[in-house]
Amino acid sequence: MKALIIEDETAAALNLKAILKQVAPGMEIVETLESVEESVEWLRANPQPDLLFMDIHLADGDSFRIFSAVEVTAPVIFTTAYDQYALEAFKVNSIDYLLKPINSADVQRALHKLDRLSSSERSDYGSRVRTMAASHREQTFLVHVRDKIIPLKREEIAYCYTSNEKVTACTFDGATYPLDKTLEALQAMLPEADFFRANRQFIVARRAVKEITVWFGSRLSLHLTVEIPERIVISKARVPEFKSWLTSVQPAE
């Protein structure tokens, strides 16, 4: 069995590895990752492991954001310090978790529980995890502007833009706010039903798309309901994906 560990605390990751070596000596740890962004990149580039151990709170945000950026089909065992909201969600959805500090008895219990699942139950387990994760998506971003912290609601964002290693969010009323996250991290946080990664520089909101024109080389040029710093061009290769997103996927609740 191949397992992936997503944990940003070095001591916790080493402890989990030591326990797994003891209770499941045949398990191979394929990688240990520390952030949402790093995890999304790894899962996109590699085959799914047989099992994930995933800490809820990572350096760049909640690990639930991973599920909105990439499809995770493997069973997940969450690890967390005491978090009442998360623990209640796990219990309601019958999803397993390990409460820190993790001990060998708890790990063994969780692994035995997974061993008893049939193939259909494993598929249902993954579906339950994704459903639960969807309910935790970022609703409000805290933007630091000089000596103030401004709450920016997700539904206010028309697009996010990166230039010169700086990321900016523009709202539907034309206001702009600096964000301390990369576009890749934002892509993992924002629901795919409402936001589309148009290219390397833009993430656009569904509600912001005003019209589309055919650009050179069968590419598309997007026109938004707000002003943009430069033309938004979607490559020929991604045109079918964009059209499918715009016409078929229903906005998230």
Side-chain angles (χ1 to χ4, degrees), residues 1-40 42-43 46 48-140 142 185 188-189:
M1 176 180 283
K2 295 183 178 182
L4 174 66
I5 294 177
I6 302 176
E7 168 63 71
D8 65 344
E9 297 179 19
T10 301
L14 291 174
N15 178 54
L16 179 55
K17 286 181 180 179
I19 291 174
L20 290 172
K21 187 175 182 179
Q22 175 190 354
V23 303
M27 183 176 292
E28 177 190 352
I29 308 301
V30 293
E31 188 65 84
T32 301
L33 307 172
E34 298 183 350
S35 68
V36 171
E37 184 174 347
E38 188 180 24
S39 300
V40 168
W42 193 94
L43 287 165
N46 295 276
Q48 291 271 325
D50 300 303
L51 174 65
L52 283 83
F53 290 92
M54 184 180 293
D55 186 16
I56 295 178
H57 302 296
L58 301 174
D60 57 347
D62 287 350
S63 60
F64 296 117
R65 297 166 180 168
I66 294 170
F67 297 89
S68 63
V70 62
E71 183 177 5
V72 178
T73 57
V76 179
I77 296 176
F78 288 94
T79 63
T80 180
Y82 186 75
D83 183 325
Q84 183 62 39
Y85 182 77
L87 298 188
E88 287 302 321
F90 293 149
K91 292 173 183 175
V92 168
N93 292 277
S94 299
I95 292 169
D96 217 348
Y97 64 90
L98 300 171
L99 197 59
K100 294 181 178 180
I102 297 170
N103 61 59
S104 57
D106 287 340
V107 173
Q108 203 159 28
R109 172 191 53 77
L111 293 177
H112 285 165
K113 179 179 177 181
L114 287 177
D115 284 341
R116 292 193 295 268
L117 295 179
S118 65
S119 58
S120 61
E121 287 174 329
R122 279 178 176 263
S123 176
D124 181 59
Y125 188 98
S127 177
R128 292 199 304 269
V129 171
R130 291 191 294 273
T131 299
M132 186 190 72
S135 68
H136 285 76
R137 286 177 182 141
E138 197 80 37
Q139 298 291 329
T140 303
L142 297 181
M189 297 176 192

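On a predicted model such as this, the values are computed, not experimentally measured, just so you know.
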**Prompt:** Looking only at heavy atoms, which two atoms of Ser63 and Val36 are closest? And how far apart?
**Reply:** CA-CG2, 4.2 Å
**Atom pair CG (Leu43) and CD (Glu38), whose distance is rounded to the nearest 0.5 Å** = 10.5 Å
**Leu4 side, atom CG; Thr32 side, atom OG1 - distance, nearest 0.5 Å** = 7.5 Å
**Message:** I need the minimum non-hydrogen distance between Pro49 and Ala74, along with the two atoms involved.
**Reply:** O-CB, 3.2 Å
**Asked** Where do Phe78 and Leu52 land on the side chain to side chain contact (heavy atoms under 4.5 Å, CB included) test, with the steps shown first?
**Response** CA-CA 8 Å; Phe78 288 94; Leu52 283 83; over 6 Å; no
**Of all pairs that satisfy salt bridge (charged side-chain N to carboxylate O under 4.0 Å, His left out), the ones with a partner from residues 4-23, not counting sequence neighbours** = Glu7-Lys100, Glu9-Lys100
**Asked** Quick one: side chain to side chain contact (heavy atoms under 4.5 Å, CB included) partners of Asn103, sequence neighbours excluded?
**Response** Ala105, Asp106
**Message:** Ignoring hydrogens, what is the shortest heavy-atom contact between Ser39 and Ser35? Give both atom names and the distance.
**Reply:** OG-O, 2.6 Å
**Asked** With sequence neighbours excluded, what pairs up with Glu28 under the side chain to side chain contact (heavy atoms under 4.5 Å, CB included) test?
**Response** Lys2, Val30
**Prompt:** Among all residues two or more places apart in sequence or in another chain, which pass the side chain to side chain contact (heavy atoms under 4.5 Å, CB included) test with Ala24?
**Reply:** Met27, Leu111
**Request:** Evaluate the side-chain proximity of Met54 to Ile66: yes if any heavy-atom separation is below 4.5 Å, no if none is.
**Result:** yes
**Message:** To the nearest 0.5 Å, what is the distance between CZ on Phe53 and CG on Leu20?
**Reply:** 4.5 Å
**Asked** What distance do Asp50 atom CG and Met1 atom CE have between them, rounded to the nearest 0.5 Å?
**Response** 5.5 Å
**Request:** For residues Tyr97 and Arg109, report the shortest heavy-atom separation together with the two atoms involved.
**Result:** O-NH2, 3.6 Å
**Asked** Which atom names give the shortest non-hydrogen contact between Asp55 and His57, and what distance separates them?
**Response** OD2-O, 3.0 Å
**Request:** For side chain to side chain contact (heavy atoms under 4.5 Å, CB included), just list the numbers for Ile77 and Leu114, CA-CA rounded to whole Å, side-chain angles, deciding distance to a tenth of an Å, and then say yes or no.
**Result:** CA-CA 9 Å; Ile77 296 176; Leu114 287 177; 3.6 Å; yes
